[in-house]
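For reference, positions follow the sequence shown, starting with 1.
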Amino acid sequence: MDSLTQIVLGAAIAGAIAPARHRRAALAAGAALGTLPDLDSLPMWFMGLDPVTNMTWHRGPSHSLLILVPLAALLWWLFKRTGGRVAEAPKRWFWAITLALVTHPLLDAFTVYGTQLWWPLPPSPAMWSSLFIIDPLYTLPLLVGCLVALVRGWRPSAQKALVAGLALSSVYLGWSLTAKFMVDRVAERTLAAQGLQDAPRFSVPMPLNTLLWRVVVMTPDGFLEGERSLIADEGPMVFRAYASNTQALDQAKSLPVVERLLWFNHGFMKAEVRAQKLVLSDLRMGAEPDYSFRFVVAERDGDGWRAYGPEQAQWPWEAGRRLAAMWDRIWTRPPEELQAVAAGLAVLPAQAAAANSGETPATSASK
């Protein structure tokens, strides 16, 4: 989740648990602990890591419960030894410190990015994908609760505001899981009718809301992408088919950088060959044809591939247009989808894709 959300979540938890006379100090401590795991970005920036390493190590060791739980105990012990507030109420401060710290990666796991909760163990990162990385309806109750508590201090109304904020945000989190279940159930029925019930897939809310969802399904020659509005849509889902150069991806999958990406994003990748270079796009973040993470990872070597870069490729991103279209999509189902449902079609004809084009991508560093 975004930094503001993590700050107010940590502050609300610590402020609600600590004794009333310590509340303002607990708000500050919780805010610091809530943002601490994301500070792993600073040393990685100074180290000048390549973009794939940078992406796949963020939310790694600093987000592992196997690291954060002992770290919380260590911090509690050190502050308790020095006396002061922690020594005055050690039990409450133990839970305030621990929960403010470990709820950060747990909340991150509700996004699609990938959080390595059990690093250094090998499971792929958790991506429960029921929240977008910025969701005002989750953040606002926590923010209001923290502001009230900051003003009211030790008074009982401060405690009530924090508890109310935590309760409302938790209810919203529960709603996001319910909405995801509803979308997944419709997608599963639609795909089963196409013989794709076992195809790898994921669902994720569109930016800033939990009313419009995106579902991606991997197929032997590419992937399907569909949208589901919990307000406007009825009946089966409608998917659009897109090509991916699965042959090139299979040929290059033994390269370390490709292996790392396949592990990190659970194989939800689009492969393209552009100017004799292999470009991999993470299908989880963005929507066709715009993706947040797109990497040039290999170049042609005879009939095979050799490692290249990696470099982060950059194509135009029409965010303003997409957000406006997304807002309209929440309330209205496109005519072509209505026609497809009436005709009993679940998959619209394959869209034009540049999976094998010779177009040269722009990169963050030219060779």
Side-chain angles (χ1 to χ4, degrees), residues 1-19 22-47 49 53-87 89-121 125-128 131-135 138-139 141-143 145-147 149-150 162 165-166 169-170 173 264:
M1 297 294 288
D2 63 284
S3 296
L4 175 61
T5 302
Q6 296 289 9
I7 287 171
V8 294
L9 175 61
I13 289 173
I17 294 174
H22 299 165
R23 186 160 291 130
R24 287 196 176 101
L27 289 170
L33 291 167
T35 198
L36 181 62
D38 277 345
L39 296 183
D40 64 346
S41 298
L42 293 177
M44 289 193 296
W45 183 80
F46 281 110
M47 293 168 65
L49 302 175
T53 302
N54 190 70
M55 176 193 182
T56 59
W57 274 90
H58 179 52
R59 298 199 192 179
S62 68
H63 286 60
S64 171
L65 297 178
L66 301 179
I67 300 295
L68 293 180
V69 171
L71 176 61
L74 176 62
L75 290 173
W76 172 80
W77 177 75
L78 290 173
F79 282 109
K80 182 171 174 288
R81 283 193 64 190
T82 61
R85 297 183 182 90
V86 176
K91 183 177 291 187
R92 286 199 175 195
W93 272 102
F94 173 82
W95 288 111
I97 292 171
T98 301
L99 292 178
L101 197 55
V102 302
T103 50
H104 178 122
L106 291 175
L107 181 60
D108 275 348
F110 282 92
T111 70
V112 78
Y113 183 92
T115 306
Q116 298 172 53
L117 295 177
W118 307 111
W119 185 93
L121 300 179
M127 40 168 277
W128 302 333
L131 288 177
F132 187 69
I133 56 171
I134 301 174
D135 193 320
Y138 179 85
T139 306
L142 297 169
L143 178 61
C146 287
L147 291 176
L150 191 62
L162 291 172
L166 289 166
S169 64
S170 298
L173 187 61
F264 186 76

Euclidean distance, Met1 CE relative to Ile133 CD1, rounded to 0.5 Å:
8.5 Å

Distance in Å, Leu101 CG paired with Thr35 OG1, rounded so as to fall on 0.5 Å steps:
11.0 Å

Taking every heavy atom of Trp93 against every heavy atom of Ala29, the minimum-distance pair comes out as CZ3-CB, 4.2 Å

Smallest heavy-atom separation, Gly30 atom then Ala100 atom, equals CA-CB, 4.2 Å

Using 0.5 Å steps for rounding, measure from the OG atom of Ser64 to the CG atom of Leu71.
11.0 Å

With side chain to side chain contact (heavy atoms under 4.5 Å, CB included) as the test, would you mind laying out the steps for Gln6 and Asp108 before giving the verdict?
CA-CA 9 Å; Gln6 296 289 9; Asp108 275 348; 2.9 Å; yes

Hey, are Thr111 and Arg59 close enough side-chain-wise for a donor-acceptor pair under 3.5 Å?
yes

Residues which pass salt bridge (Lys or Arg N to Asp or Glu O under 4.0 Å) with Asp135, listed by chain and number, not counting sequence neighbours
none

Could you walk me through whether Ser62 and Asp40 satisfy the side-chain hydrogen bond (donor to acceptor under 3.5 Å, both in side chains) test, starting with their C-alpha distance in whole Å, then the side-chain angles of each, then the deciding distance to 0.1 Å, before giving a yes or no?
CA-CA 6 Å; Ser62 68; Asp40 64 346; 2.9 Å; yes

Quick one: closest heavy-atom pair of Trp76 and Pro90, and the distance?
NE1-O, 2.8 Å

Which heavy-atom pair separates Gly145 from Leu162 by the least distance, and what is that distance?
O-CD2, 3.5 Å

Stepwise side chain to side chain contact (heavy atoms under 4.5 Å, CB included) test for Thr82 and Leu78:
CA-CA 7 Å; Thr82 61; Leu78 290 173; 5.9 Å; no

Please answer whether the main-chain N or O of Leu49 pairs with a side-chain N or O of Thr53 as donor and acceptor at a distance below 3.5 Å.
no

Report the C-alpha distance between Leu121 and Leu66 in whole Å, list the side-chain angles of each, state the deciding distance to 0.1 Å, and finish with yes or no for side chain to side chain contact (heavy atoms under 4.5 Å, CB included).
CA-CA 9 Å; Leu121 300 179; Leu66 301 179; 4.1 Å; yes

Check step by step if side chain to side chain contact (heavy atoms under 4.5 Å, CB included) holds for Trp57 and Trp119.
CA-CA 10 Å; Trp57 274 90; Trp119 185 93; 3.8 Å; yes

Atom pair CG/CG of Leu9 and Leu143 - distance to nearest 0.5 Å
12.5 Å

I need the minimum non-hydrogen distance between Ile17 and Trp95, along with the two atoms involved.
CD1-O, 3.9 Å

In the structure I gave you, are the side-chain heavy atoms of Leu107 and Leu131 within less than 4.5 Å of one another anywhere?
yes

Matching residue for His63 among Leu106, Asp38, Val102, Leu117 - test: side-chain contact (heavy atoms from CB on, under 4.5 Å)
Asp38

In terms of side-chain heavy atoms, does His58 have a donor or acceptor partner in Asn54 at a distance below 3.5 Å?
no

CG of Leu142 to CD1 of Ile7: how many Å apart, nearest 0.5 Å?
12.0 Å

Any chance CZ of Arg24 has more than 12 other-residue heavy atoms, nucleotides or ligands included, within less than 6.0 Å?
yes

CZ (Arg92) and CD1 (Ile97) are apart, to the nearest 0.5 Å, by 14.0 Å

At their closest point, which heavy atom of Gly15 faces which heavy atom of Arg23, and how far apart are they?
O-NE, 3.3 Å

Among Trp128, Phe264, Phe132, the one residue meeting ring-ring contact (aromatic ring centres under 6.0 Å, His included) with Tyr113:
Phe264

